[in-house]
There are 2 protein chains.
Amino acid sequence: MKIQQFKINETGLNRFFGSLEAKILDILWNGPEMSIKDVKQKLDQEKSTNFNTVMTVMNRLVDKGVLVKRTEKRSSMFKPLFSKEEFLQTQSKELTKDLMDEFGPLAVNHMLDALDEADPVLIEKLEQKIKQLKEK
Amino acid sequence: MKIQQFKINETGLNRFFGSLEAKILDILWNGPEMSIKDVKQKLDQEKSTNFNTVMTVMNRLVDKGVLVKRTEKRSSMFKPLFSKEEFLQTQSKELTKDLMDEFGPLAVNHMLDALDEADPVLIEKLEQKIKQLKEK
DNA sequence: CGTTTAAACTACACTATGTAGTGTGAGGTG
DNA sequence: CACCTCACACTACATAGTGTAGTTTAAACG
């Protein structure tokens with residue numbers, strides 16, 4: 001799977017996926033392997049959703065390599081190919097790299113600004129890192 | 001104007017705009033106010049492009065608030081509403097902020113990794129910043 | 001006037017996403 | 001065995017963004 005876009009006006013998983021895709025993924029990440037019906041029932045708690053709609057989107061996620069499908073006798077079971085943590089790890093790394101490649105000093109400066117309100121622990125980490133870099 | 005997407009598999013302006021949009025913007029950012037014809041001629045140096053295609057895309061950029069159009073007697077003149085520097089400044093800031101908001105410590109850690117290969121000047125800047133933060 | 005040409009209007013293609021109708025087939029039950 | 005249910009497959013349509021380009025309109029200039 002290769003994520004294509006990072007959406008600026010969204011938050012969380014909606015930055016990487018469509019709205020329904022994101023909801024479905026979140027359900028699968030916060031539960032066991034599920035059938036389409038299972039997922040639909042979860043979705044219905046918030047808003048009634050057509051079975052076929054859920055199926056189509058889930059199958060597309062399989063095509064994209066986000067979900068894996070295991071076909072049982074009567075109902076297929078779906079689960080994510082990777083954990084939410086792995087996903088966020090991968091994406092944040094990719095995006096950070098892209099940002100550095102694309103903007104370099106600009107990005108670092110903005111990061112510094114952002115650090116004004118950041119966790120002191122992060123600042124400590126940064127300090128350590130700089131020491132380490134200077135020793136080279 | 002509000003950029004919606006940051007494309008991961010592209011580079012430069014193509015991360016924010018369509019391919020033709022990006023080419024046109026780049027031309028307008030590296031030259032004076034131009035007519036559609038002027039832009040088309042520039043584009044033709046690389047690849048012949050239909051006049052109407054150029055016009056449509058340029059007008060869409062006006063609609064989006066990226067270009068401004070000044071209608072003359074026979075031909076309208078176009079120029080960007082902001083400079084490339086301003087644009088990159090804004091976008092890198094927005095993206096950095098989003099990255100920090102979305103990933104927090106993860107993003108900082110990745111940034112630190114990226115710093116391994118970074119300009120020593122950046123590292124120096126970082127060090128200054130950290131000193132400053134610690135004094136608070 | 002008529003010719004040229006820029007601009008407007010309109011349209012179609014392609015992709016991604018959300019939505020949903022119809023068809024099909026496997027299994028259980030009377 | 002016939003039938004019915006239900007999960008899945010197949011297909012289709014809508015919307016939005018982008019690239020492309022044909023047709024029509026209108027303005028300037030010889």
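Chain naming here is simple, since letters A, B, ... match the order of the sequence lines and numbering starts at 1 in each. Just so you know, these numbers use all the heavy atoms, side chains as well, and skip hydrogens, waters and symmetry mates. Keep in mind it's a predicted model, so treat the numbers as computed, not measured.
Under the ring-ring contact (aromatic ring centres under 6.0 Å, His included) criterion, no residue pair touches residues 91-113 of chain B, with sequence neighbours excluded. Here ring-ring contact (aromatic ring centres under 6.0 Å, His included) pairs that include residues 45-64 of chain A, with residues two or more places apart or in two chains, number zero. Counting only residues at least two apart or on different chains, the salt bridge (Lys or Arg N to Asp or Glu O under 4.0 Å) pairs with a member in residues 75-86 of chain B are B/Asp26-B/Lys84. The salt bridge (Lys or Arg N to Asp or Glu O under 4.0 Å) analysis of residues 99-112 of chain A, with sequence neighbours excluded, yields the pairs A/Lys97-A/Asp101, A/Glu102-B/Arg15. Within the structure, salt bridge (Lys or Arg N to Asp or Glu O under 4.0 Å) contacts touching residues 41-52 of chain B (residues at least two apart or in different chains) are B/Lys23-B/Glu46, B/Lys40-B/Asp44. The stretch residues 48-63 of chain A participates, sequence neighbours left out, in no salt bridge (Lys or Arg N to Asp or Glu O under 4.0 Å) pair at all.
In this structure, the helix from C/dC1-D/dG30 to C/dG30-D/dC1 shows an angle of 40° between the axis at its start and the axis at its end, each fitted on 5 base pairs and rounded to 10°.
Residue-level contact check: B/Lys47 touches the backbone only, with heavy atoms under 4.0 Å from sugar-phosphate atoms and none from bases.
For B/Ser19, the side-chain contact (heavy atoms from CB on, under 4.5 Å) partners at least two apart in sequence or on another chain are B/Asn14. Taking B/Phe17 as the reference, B/Phe87 meet the ring pair (Phe, Tyr, Trp, His ring centres under 6.0 Å) condition, with sequence neighbours excluded. Remark: A/Ser35 engages A/Lys37, A/Asp38, A/Ser75, A/Met77 in a side-chain contact (heavy atoms from CB on, under 4.5 Å) (not counting sequence neighbours).
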Exercise. Starting at the 5' end of nucleotides 4-17 of chain D, put B wherever the base has a protein heavy atom under 4.0 Å, S where only the sugar-phosphate does, and a dash everywhere else.
Key: --BSBB--------

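At least one side-chain heavy atom of B/Glu33 sits under 4.5 Å from a side-chain heavy atom of B/Arg70.
Nucleotides of DNA chain C that come within less than 4.0 Å of any heavy atom of chain A span, from the 5' end to the 3' end, C/dT17 to C/dG27.
Summarising the geometry, the separation between CG on B/Leu61 and P on D/dT20 is reported as 13 Å, rounded to the nearest angstrom.
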